[in-house]
Undergrad: 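The structure is given below, and queries will be raised subsequently.
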Amino acid sequence: MRKSIRQIKDEVRGERILTDIRKITTFHRIQASPGYRAAAHEVLNMLQKEGIDSRILSYPFDEKTWYLSHKSFLEWDCKDAWLGLESPVKKRLTDFQGCSISIIQKSQPIDCPKEPIEIVLLDQGPKEEANESLDLEGKLIFIREDFKPYMDWAVKKRGALGFISDYMREVPGARSRADLYDARNYSSFWWTDTEKEPKTFGFVLTPREGDELAALCKKMAEEHNKDKEKAARPTATFKIDSSLYPGAIEVVEAVLPGEKNEEILLVSHLCHPRPSANDNASGVGAVLEALRVLKRLMEDKRLKALQRSIRVIFVPEFAGTYAWLADGKNQNKKVLVGLNLDMVGGRQTKGYGPLTISGQPHAAPSLVTDMAMLCFDEIKNSAPSLSTSFPVPMFNYYQG
């Protein structure tokens with residue numbers, strides 16, 4: 001066993017993993033999108049070049065189809081999007097071609113009316129009564145926190161056209177707004193029923209850009225209060241060339257065959273925005289290298305043939321996992337264990353890290369979770385690379 005582990009370790013090349021990651025991160029890989037589909041075919045091409053048995057499985061996604069307890073959603077395609085400040089100065093604020101997360105993903109299409117639209121700063125919190133005096137009809141609202149609390153009253157009820165946000169999701173002990181002052185928060189409309197949700201759109205600023213725009217809004221409001229001839233708010237023009245339609249998601253499946261009718265399942269999610277290398281091109285790159293190395297070592301007779309098959313699925317995270325599990329062809333497979341490779345190489349000491357334990361659902365109680373925690377405690381005692389303070393958090397079962 002030790003000899004085999006050493007052979008595998010010596011064969012692994014970080015440069016190859018990094019090359020694969022660079023290829024994957026060129027695709028804007030939002031779940032159920034042409035960009036994700038292109039990335040899936042690129043991964044399939046990598047596998048087939050190595051002679052690995054692989055294929056693409058396609059599943060309909062259309063807001064009507066369910067996979068186990070997961071409802072599918074519409075495919076989204078965005079060809080272009082931008083937001084430009086028109087007054088008091090002209091300045092391009094966001095550009096989808098340059099930064100794919102500069103808009104809220106799955107934003108509805110919009111082409112700015114002929115006249116620039118006012119930007120209304122909402123800095124009194126998400127409660128409607130705190131913003132009672134503001135006219136939002138046909139305006140762009142500028143919000144500085146999570147957009148969800150504003151959807152019902154600001155968009156649906158008060159007629160806001162769309163919004164701008166500089167919200168940055170902070171993680172205590174791991175990252176603050178100041179740590180990511182020039183980054184944009186990855187945000188999306190996770191609608192599963194677009195008929196019931198507001199048909200709106202959003203643009204994303206960095207915290208630095210947001211602070212500058214907020215200062216401009218406040219300055220103009222103060223000057224307007226002193227001189228009514230001056231404009232009260234900045235204005236902007238914008239465009240989003242996007243579409244939502246019934247489509248599909250793809251799961252890339254690969255197999256290294258074994259001698260027994262038993263399988264080890266490796267899972268790694270291929271989705272997420274461009275570039276998003278850590279989450280999760282890193283996991284995909286690691287799995288590709290593992291398959292590559294194992295196949296070469298077995299072909300060279302340096303490793304014995306596998307006793308159990310290794311099956312890999314590259315998925316659009318939970319959506320693809322549910323679809324693959326619901327596929328009748330997969331329900332009779334004898335999978336002994338599954339390992340999810342997500343954010344490989346992330347800092348374990350910051351936030352929850354890439355190494356976590358997920359608890360079992362209450363509907364299927366098991367000793368597995370407690371056993372896993374016990375195993376990690378033993379590993380920490382024997383592995384020199386892991387300190388005794390190495391955190392391995394345990395999370396409750398994800399319901400979806």
Undergrad: Give a yes-or-no answer on whether the side chains of Trp324 and Glu253 include a donor-acceptor pair shorter than 3.5 Å.
TA: yes
Undergrad: Just by distance, do the side chain of Ser165 and the backbone of Val204 share a donor-acceptor pair under 3.5 Å?
TA: no
Undergrad: What heavy-atom pair brings Thr235 and Leu85 nearest, and what distance separates the two atoms?
TA: O-CD1, 3.5 Å
Undergrad: Is the centre of the Phe189 ring less than 6.0 Å from the centre of the Phe73 ring?
TA: no
Undergrad: Just by distance, no angles: are the side chains of Asn340 and His269 close enough, under 3.5 Å, to form a donor-acceptor pair?
TA: no
Undergrad: Could you point out which residue of Arg274, Arg29, Glu42 forms a side-chain contact (heavy atoms from CB on, under 4.5 Å) with Ile24?
TA: Arg29
Undergrad: Please check if the number of heavy atoms outside Leu336 that lie under 6.0 Å from its CG is greater than 12.
TA: yes
Undergrad: Using a 3.5 Å cut-off and no angle test, enumerate the donor-acceptor pairs between side-chain atoms of residues 238-247 and protein atoms at least two apart in sequence or in another chain.
TA:
from   : atom 1 : to     : atom 2 : distance (Å)
Ser242 : OG     : Ser107 : O      : 2.9
Tyr245 : OH     : Glu75  : OE2    : 2.8

Undergrad: When hydrophobic residues are tied together by side-chain contacts of less than 4.5 Å, even through go-betweens, does Met298 share a cluster with Leu47?
TA: yes
Undergrad: Nearest heavy-atom pair of Ala281 and Ile21: which atoms, and what distance?
TA: O-CG1, 3.4 Å
Undergrad: Any side-chain heavy-atom pair from Val284 and Val43 closer than 4.5 angstrom?
TA: yes
Undergrad: Sub-3.5 Å donor-acceptor pair from the side chain of Thr206 to the main-chain atoms of Arg184, do we have one?
TA: no
Undergrad: Mind running side chain to side chain contact (heavy atoms under 4.5 Å, CB included) on Ile17 and Leu288 for me, showing each step along the way?
TA: CA-CA 8 Å; Ile17 298 174; Leu288 287 170; over 6 Å; no
Undergrad: Tell me whether Ser54 contacts the main-chain N or O of Ala254 through its side chain, where contact means a donor paired with an acceptor under 3.5 Å.
TA: no
Undergrad: Inspect the contact between Arg37 and Glu250 and indicate whether a charged nitrogen and a carboxylate oxygen are less than 4.0 angstrom apart.
TA: yes
Undergrad: I'd like to check Leu213 versus Phe142 (side-chain heavy atoms, cut-off strictly below 4.5 Å). Are they in contact?
TA: yes
Undergrad: May I ask you to decide if Glu317's main-chain N or O and Thr321's side chain share a donor-acceptor pair within less than 3.5 Å?
TA: yes
Undergrad: Can we say Arg296 and Glu50 salt-bridge, meaning some charged N sits less than 4.0 Å from an Asp/Glu carboxylate O?
TA: yes
Undergrad: Please determine whether the number of non-hydrogen atoms from other residues, nucleotides or ligands lying under 6.0 Å from atom CG of Asn261 exceeds 12.
TA: no
Undergrad: Can you confirm whether more than 12 heavy atoms, excluding those of Lys156, are under 6.0 Å from its NZ atom?
TA: yes
Undergrad: If hydrophobic clusters are built by linking Ile, Leu, Val, Met, Phe, Trp and Tyr wherever their side-chain heavy atoms come under 4.5 Å apart, do Leu122 and Leu205 end up in the same one?
TA: no
Undergrad: Quick one: do the Thr237 and Glu86 side chains pair a donor with an acceptor below 3.5 Å?
TA: yes
Undergrad: State whether a side-chain donor-acceptor pair under 3.5 Å links Tyr150 with Glu128.
TA: no
Undergrad: Say whether, by atom type as modelled, one donor and one acceptor occur between the side chain of Ser87 and the main chain of Val89 under 3.5 angstrom.
TA: no
Undergrad: Could you check whether any side-chain N or O of Thr19 sits under 3.5 Å from a backbone N or O of Glu15, counting only pairs where one atom can act as donor and the other as acceptor?
TA: yes
Undergrad: If you take all heavy atoms of Val12 and Glu289, which pair is closest and at what distance?
TA: CA-OE2, 3.5 Å
Undergrad: Dump the intermediate steps for side chain to side chain contact (heavy atoms under 4.5 Å, CB included) on Glu263 and Ile310, then the final yes or no.
TA: CA-CA 6 Å; Glu263 296 186 352; Ile310 296 177; over 6 Å; no
Undergrad: Is there a salt bridge (charged side-chain N to carboxylate O under 4.0 Å, His left out) between Asp211 and Arg144? Walk through the geometry before answering.
TA: CA-CA 9 Å; Asp211 285 349; Arg144 316 205 67 193; 2.6 Å; yes
Undergrad: Looking only at heavy atoms, what is the nearest atom pair of Gly138 and Leu161, with distance?
TA: C-CB, 4.0 Å
Undergrad: Dump the intermediate steps for side chain to side chain contact (heavy atoms under 4.5 Å, CB included) on Glu132 and Glu129, then the final yes or no.
TA: CA-CA 5 Å; Glu132 198 76 46; Glu129 52 268 27; 4.2 Å; yes
Undergrad: Between Gln97 (side chain only) and Lys79 (backbone N and O only), is there a donor and an acceptor less than 3.5 Å apart?
TA: yes
Undergrad: Give a yes or no on whether Lys228 atom NZ has more than 12 heavy-atom contacts from other residues, nucleotides or ligands under 6.0 Å away.
TA: yes
Undergrad: Determine, using the 4.5 Å side-chain heavy-atom cutoff (strictly less than), whether Trp191 and Ile30 are members of one ILVMFWY cluster.
TA: no
Undergrad: Would you call Lys91 and Glu212 a salt bridge, using N to O less than 4.0 angstrom?
TA: yes
Undergrad: Do the charged groups of Asp20 and Arg292 touch, with an N to O distance under 4.0 Å?
TA: yes
Undergrad: Run the ring-centre check on Phe147 versus Tyr167 and record whether the distance is less than 6.0 Å.
TA: no
Undergrad: Is a side-chain N or O of Arg13 found less than 3.5 angstrom from the main chain of Asp10, in a donor-acceptor match?
TA: yes
Undergrad: Mind checking whether Phe203 and Phe201 have parallel, tilted or perpendicular rings, split at 30° and 60°?
TA: perpendicular
Undergrad: Answer yes or no: is there an ion pair linking Lys333 with Asp327, defined by an N-O contact shorter than 4.0 Å?
TA: no
Undergrad: Are Trp66 and Ser72 close enough that some pair of their side-chain heavy atoms sits under 4.5 Å apart?
TA: no
Undergrad: Indicate the atoms forming the closest heavy-atom contact of Pro198 with Val155, along with that distance.
TA: CB-CG1, 3.7 Å
Undergrad: Is there a donor-acceptor contact under 3.5 Å from the side chain of Arg177 to the main chain of Pro207?
TA: yes
Undergrad: Among the clusters formed by ILVMFWY side chains lying less than 4.5 Å apart, do Phe314 and Val255 turn up in the same one?
TA: no
Undergrad: Are the ring centres of Tyr36 and His28 closer than 6.0 Å?
TA: no
Undergrad: Between Asp146 and Arg169, is there a side-chain N and carboxylate O pair less than 4.0 Å apart?
TA: no
Undergrad: Using distance alone, with no hydrogens and no angle criterion, decide if Asp179 and Ser176 have a side-chain donor and acceptor under 3.5 Å apart.
TA: yes
Undergrad: I'd like to check the side chain to side chain donor-acceptor pair (under 3.5 Å) partners of Glu63; sequence neighbours left out, ordered by chain and number.
TA: Thr194
Undergrad: Can you tell whether the side chains of Arg55 and Asp53 come within less than 4.0 Å, N to carboxylate O?
TA: yes
Undergrad: Decide, yes or no, whether a salt bridge links Arg302 with Glu11 under the criterion of side-chain N to carboxylate O below 4.0 Å.
TA: yes
Undergrad: For the residue pair Ile119 and Arg233, what are the closest heavy atoms and their distance?
TA: O-CD, 3.3 Å
Undergrad: Begin with the C-alpha distance, continue with both residues' side-chain angles, and end with the deciding distance and a verdict on side chain to side chain contact (heavy atoms under 4.5 Å, CB included) for Tyr67 and Phe318.
TA: CA-CA 10 Å; Tyr67 296 100; Phe318 290 103; over 6 Å; no
Undergrad: Give a yes or no on whether the backbone of Met343 and the side-chain of Asn280 come within a donor-acceptor separation of less than 3.5 Å.
TA: yes
Undergrad: Please check if atom CZ in Arg92 has more than 12 non-hydrogen atoms from other residues, nucleotides or ligands closer than 6.0 Å.
TA: yes
Undergrad: Determine whether Leu325 and Ile249 fall in the same hydrophobic cluster, where Ile, Leu, Val, Met, Phe, Trp and Tyr are linked whenever their side-chain heavy atoms lie under 4.5 Å apart.
TA: yes
